[in-house]
Number of protein chains: 2
Amino acid sequence: MSKPKVLVVGSGGVGAIGALCLSLNGKADVTLVVRSDYAEVSESGYTITSVTYGEHKNWKPHHIARSVADAFERFGEFDFVLLTTKNIPDGPVTCEDIIRPAVTSKTVIILLQNGLGIEKPMIEQFPQNIILSGVSLIGSSNINRVVCNLLKDQIYLGAWNNPNIENHEEKEQYAIREFTRIYSNDKYNKVFFDGNVEKTRWEKLLYNAALNSTTTIVNLDVSRCQIAGANDELFRPAMREIVAIAASEGVEISPETIEKFVHISDGQFYSPSMCVDARKKQLFESEIILGNPLKIAKANGVDAPVLRTLYTLLSMVQFRIKEEKGIIKINESEYKKLNSDCYPDMLKK
Amino acid sequence: MSKPKVLVVGSGGVGAIGALCLSLNGKADVTLVVRSDYAEVSESGYTITSVTYGEHKNWKPHHIARSVADAFERFGEFDFVLLTTKNIPDGPVTCEDIIRPAVTSKTVIILLQNGLGIEKPMIEQFPQNIILSGVSLIGSSNINRVVCNLLKDQIYLGAWNNPNIENHEEKEQYAIREFTRIYSNDKYNKVFFDGNVEKTRWEKLLYNAALNSTTTIVNLDVSRCQIAGANDELFRPAMREIVAIAASEGVEISPETIEKFVHISDGQFYSPSMCVDARKKQLFESEIILGNPLKIAKANGVDAPVLRTLYTLLSMVQFRIKEEKGIIKINESEYKKLNSDCYPDMLKK
């Protein structure tokens, strides 16, 4: 029996380490999509420093591809698509469009991404595919092909029920076992079977909704925000709102989980990926981190003024970056005689 | 009878135009304190473009001084100290300390400044002086001695009752009449006698608390914030909280006043002074604009989560600027092994 073929989409900190792990284990045939720096990676690979998998110089996966279409043409058809990109539904390309060229009827799609509500559009676009949902707690960055992985690679992996498929539970469980078989390695990492991955997503959202957004808005690392008083004044109040929204969906999060995430980067002076993205003037994941939970809050009648304020400010920072990059153009003279309540509609035109 | 002597402290947009107005009227002897660019102003004065008072090149007041002490020594004793500086009680020098060298028993102190709660420390420090409280709606900036005044000069002036003084009401009313006599000029400006200047301060706070803070945090002008959706998502919610806090103090603000301030800069692409200060990496007035109203909210049991979030984020932006300027120094290694809940105390040491 030939090895399963895995396409890793997204070559950031999570994707690069994922490809490395699958390659080292030797139980899968690994293709990595490398969009922006294909030439450099083809030439000299990655420099990797990983607390999980050690030091690697000039490391490359089995195959690298310029795009998902290129990968499919040259190395498909894939058993698994491991999606590790940022998820920006309001950006120029959705995740569904990114992976579409490589999705066939047999492809299991694994969303190893942050945020909430990312599975629904995926199932809508690929109603006949098995969708797994994963949360990574790895702490890894890839800056100019230098990959730095700070925390032990741990993945929480669960099924996202797809009732369109006959006997879907059985097939989903098989897919989880199969991916766990090729990815996990007792010596190094840990893949946890997650019977309630939705809850795990809500829990990780405590960190992302409160800390990613705050650090991005004020352009300070987590520890500096805490020195300036964020724990009591912002992080905990924001997290308590996430707990309330989750509860309105029947997901219970304990107060200890809040404390775990308040303290998880103590002493690290760590800048979350969203903050790093904003510094690089890249778009960031405000919709799946704050927009989607706030939609749920609204639908369920949960008050979330702190998160709503963070979300609005974050949208403005995103607006500023879009204008700086030329994605939005503002012609001031068009606004001169308008009532400011009409301004947002002008932008949509 | 000799002309009253006025010391104008603060040579920003409001102070420079105030000194100009008093000089043009010819009913006062005007001294302006010019701290940072004394040499340049002595040499060539100001270039002024004012919708109220016209164009003036190389304009200088009667006297200019390097400091308040210098002014008192050379041109005192003053009947009025017109204070137009920023008011930053948490900065290196308080307003009380700034004007102290020029305050004698006869000095009437006029606070022509933004914010709330600025009179109390003034009366505490100068218990035997008449204190007037004024709100300027002038829209004026002074950047490198080029003064640009966009709106007609209007001042709301009222007494801040000082019960330490015998017959204080009579004396306060006299001081208001006298300052109005030397400042007002029917052809140009307007000084309104304000029987409830506290209410006027709360009303202006609608603008400053919501718009100054938001524009400063995200580094966008008012109109761009509105294009990004600020009116409904941030400005009005923040203003409604100010209305609630004011109401808890017995000050009633009408919904029309909210709408007035939401639309007051429509089409202007205007950056409020706080936002300009942050861009110049100068400290800004977060305490008197947000800190003091939030203290009142807390004391009166009024919930203000939007303002509290803005205030916390603004404090972090202030923290970032202080560190960039070297006012705060963070030695990361001192924090490495601490619980992040202890971080704010480290800073106080």
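Proteins get letters first, then strands, A, B, ... in listed order; numbering begins at 1 in each. Everything numeric here is computed off the predicted structure, so don't read it as measured data.
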Tell me, out of A:S265, A:C342, A:S340, who's got the most heavy-atom pairs with chain B below 4.5 Å.
-> A:S340

For B:E332, does the CD atom have more than 12 heavy-atom neighbours from other residues, nucleotides or ligands under 6.0 Å away?
-> yes

Find the one option among A:D266, A:I227, A:T312 whose heavy-atom pairs under 4.5 Å with chain B are most numerous.
-> A:I227

Hey, is B:R236 close enough to A:D341 for a salt bridge, meaning N to O under 4.0 Å?
-> yes

Heaviest contributor of heavy-atom pairs below 4.5 Å to chain B, chosen from A:E233, A:M316, A:E323, A:K336, is A:M316

Chain A heavy atoms under 4.5 Å from B:Y335: which part of the residue, side chain, backbone, both or neither?
-> both

A:Q154 atom CD, over 12 foreign heavy atoms within 6.0 Å = yes

Part of B:A230 within contact of chain A (heavy atom distance under 4.5 Å) = both

Which one, A:A238, A:S315, A:A228, leads in non-hydrogen pairs under 4.5 Å with chain B?
-> A:A228

Within a radius of less than 6.0 Å around NZ of B:K280, do more than 12 heavy atoms belonging to other residues, nucleotides or ligands occur?
-> yes

Pick from A:V306, A:V317, A:V262: which one has the most heavy-atom pairs with chain B under 4.5 Å?
-> A:V306

Kindly compute the distance separating CG (B:N219) from CD1 (A:I217), expressed to the nearest 0.5 Å.
-> 13.5 Å

Of all of B:V218, B:T214, B:I328, B:D232, which one pairs up most often with chain A through heavy atoms under 4.5 Å apart?
-> B:V218

Quick one: what part of A:D303 sits under 4.5 Å from any heavy atom of chain B, side chain, backbone, both or neither?
-> neither

Give the minimum heavy-atom separation between B:Y343 and A:S223, together with the two atoms involved.
-> CD2-O, 3.6 Å

Which heavy atom of B:F269 sits nearest a heavy atom of A:I330, and at what distance?
-> CE2-CG2, 4.0 Å

So, the part of A:L338 with a heavy atom under 4.5 Å from chain B: the answer is backbone

CG of B:L310 to CG of A:L313: how many Å apart, nearest 0.5 Å?
-> 6.0 Å

For each of A:R308, A:R320, A:Q318, A:Q268, tally heavy-atom pairs with chain B at distances under 4.5 Å, and name the one with the top tally.
-> A:R320

Which heavy atom of A:P305 sits nearest a heavy atom of B:P305, and at what distance?
-> CG-CG, 3.4 Å

Whatever's closer than 4.5 Å to a heavy atom in chain A on B:E334 counts as neither

